[in-house]
Amino acid sequence: MTAPRSVRPVALAVLGVVVPLVSYEILVALARASGAATLMMGAVAGSSSHALLTMILALAFRLYTVVALPGVVVYWAVSSTWTWAWRRRTTRR
Amino acid sequence: MTERGRLWLGRLVALVLAVACVARLPAAFCARRAAGFFAGDVGDQRALGRGARDWLDQDPTTLAFHTGAPRFDGEWYLIIHMAASLAFAQTALQHAELRPEHEPLAARAIDRMLLPAGRAHDRAAWGEDPLESLDRDDQGHLAFLGYANLALSMHRRLDPASRFAALNDAITTALARRFAASPSTLLESYPGETYPADNAAALASIVVHDRACGDEHPVTARVLAALRERFTDAHSGLLYQRVDSTTGEPRDRPRASGTAMAAFLLGYAGDDLARPWWDALARQWETVLGFGGAREYARGEAGAGDVDSGPVLMGIGVSATAFGIASARRFGDRERYGSAFASAWLFGLPVESGGALRFTAGGPLGDVLLFAVLTAGAGR
């Protein structure tokens, strides 16, 4: 079963943009609440595995949303526009 | 061109633009507020101060760390309160409007630093309390005395009538006397353990004390010369991380974390004292996609991270980078300050709420240390 064409971009945007952004905010709130892990200076001993996992996931989502996501969005926007423009040109001919 | 060829050409163009975007945009986004912090914006400093204040408002036992090593627990407790006191004092000196709020907070951080928890690690190692043995000359106690005295000296600079003046005088006198009596010039932090960066803290504390109250301890020139000439690697310009207590021979490699901390602490005594180590640290600087930091080990060398360096990622040390921010600001290096700020903003997981700025990834250590290094001001 596949999603209709009109639904696919919305689903991709939700999965690729909204879910990571919301997940990051939730994980940071959880990390602050747990308050144990201190990753910045490298000493994590003493932190619970739960708090540590939360912090690592938050960092992963941070890297994705800040570093990777702009590239993903640019790639998607340019390639989509390119494809749309060529198809439109071909159809007009 | 075929349909398939046009499709792949489009993908190639998109990929090139995406890579160009990733190479520039994330770092620019993370560094977008660096200029304000670099310029010493009072609103930014107040926000950092509120983030750090949250920890001082809590019961001191909240900051009882459990790293698994009592020594590190004690060191962290001490460093957090020393850094908080330095940060509140330097921002009070920079902005008169912050002084009514930040001066009492600097004193509160010192009060907490002087609680038994702040020197338990030192007392456990030496078998005697560092403050109750100031009349002895055969023990350095630099795991506590240098850092604590720097906070006291900065408070003296902020308030010449500081209620900590008597203790500041007593520790300064003891440190100067011990330096003068030391055959190797340096003092031990723990029995059999000598760290040049800890000695830099003690040296800075004496110089700041002397400037604040018009005193003079000539031994400081001898210690500074020894740190520069004997305990600094001639090739890299970095301080040796650890040296032999008796012979002064290196017991660890020259490293950026100790060098950056020494430059940060000596910067309180004056830019001229910190300059050689900042120059060396600046040569260690690297950027990856615009995110900057200092290499932990000298160029051509590799090594793992430890409790001093923090994580070492692609050769860049977290601790060296964090302390390097302070020197970058003091020496007017906007570019390195901005690139390290971007790294801190990316990996620190910053959160702003209620007028306070906090860094989730660092907990209290991150909040307080970044407050201290981001706002590090002129030494005089």
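Residue numbering restarts at 1 for every chain, and letters A, B, ... go by the order of the sequence lines. This structure is a prediction, so every number in the text was calculated from the model and none was measured. What you see below is based on every heavy atom in this structure, not just the backbone, and it leaves out hydrogens, waters and symmetry mates.
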Review point. Top residue by heavy-atom pair count (under 4.5 Å) with chain B, among A:V74, A:T83, A:V72, A:T81?
Key: A:V74
Practice item. Output the option from B:V351, B:V13, B:V19 having the highest count of non-hydrogen pairs under 4.5 Å with chain A. Key: B:V13
Review point. If you measure from OG1 on B:T360 to CG on A:L59, what distance do you get to the nearest 0.5 Å?
Key: 9.5 Å
**Study point:** Close side-chain approach of A:R32 to B:L349, heavy-atom, < 4.5 Å
**Key:** no
Review point. What are the two closest non-hydrogen atoms of B:A18 and A:G71, and how far apart are they?
Key: CB-O, 3.2 Å
Check your understanding: If every non-hydrogen atom of A:L63 is compared with every non-hydrogen atom of B:F347, which pair is closest and at what distance?
Key -> CD2-CE2, 3.9 Å
Practice item. Select, from A:V28, A:V73, A:L69, the one with the greatest count of heavy-atom pairs under 4.5 Å involving chain B. Key: A:V28
Review point. How about B:R24: does its CZ atom have over 12 heavy atoms from other parts shown lying under 6.0 Å from it?
Key: no
Practice item. Can you tell which part of B:W345 gets under 4.5 Å to a heavy atom of chain A, answering side chain, backbone, both or neither? Key: both
Exercise for review: Could you tell me whether the side chain of A:R62 and the main chain of B:L346 form a donor-acceptor pair under 3.5 Å?
Suggested key: yes
Review point. Are any non-hydrogen side-chain atoms of B:L7 and A:W82 less than 4.5 angstrom apart?
Key: no
Check your understanding: Where do B:A14 and A:S79 come nearest, in terms of heavy atoms and distance?
Key -> CB-N, 3.7 Å
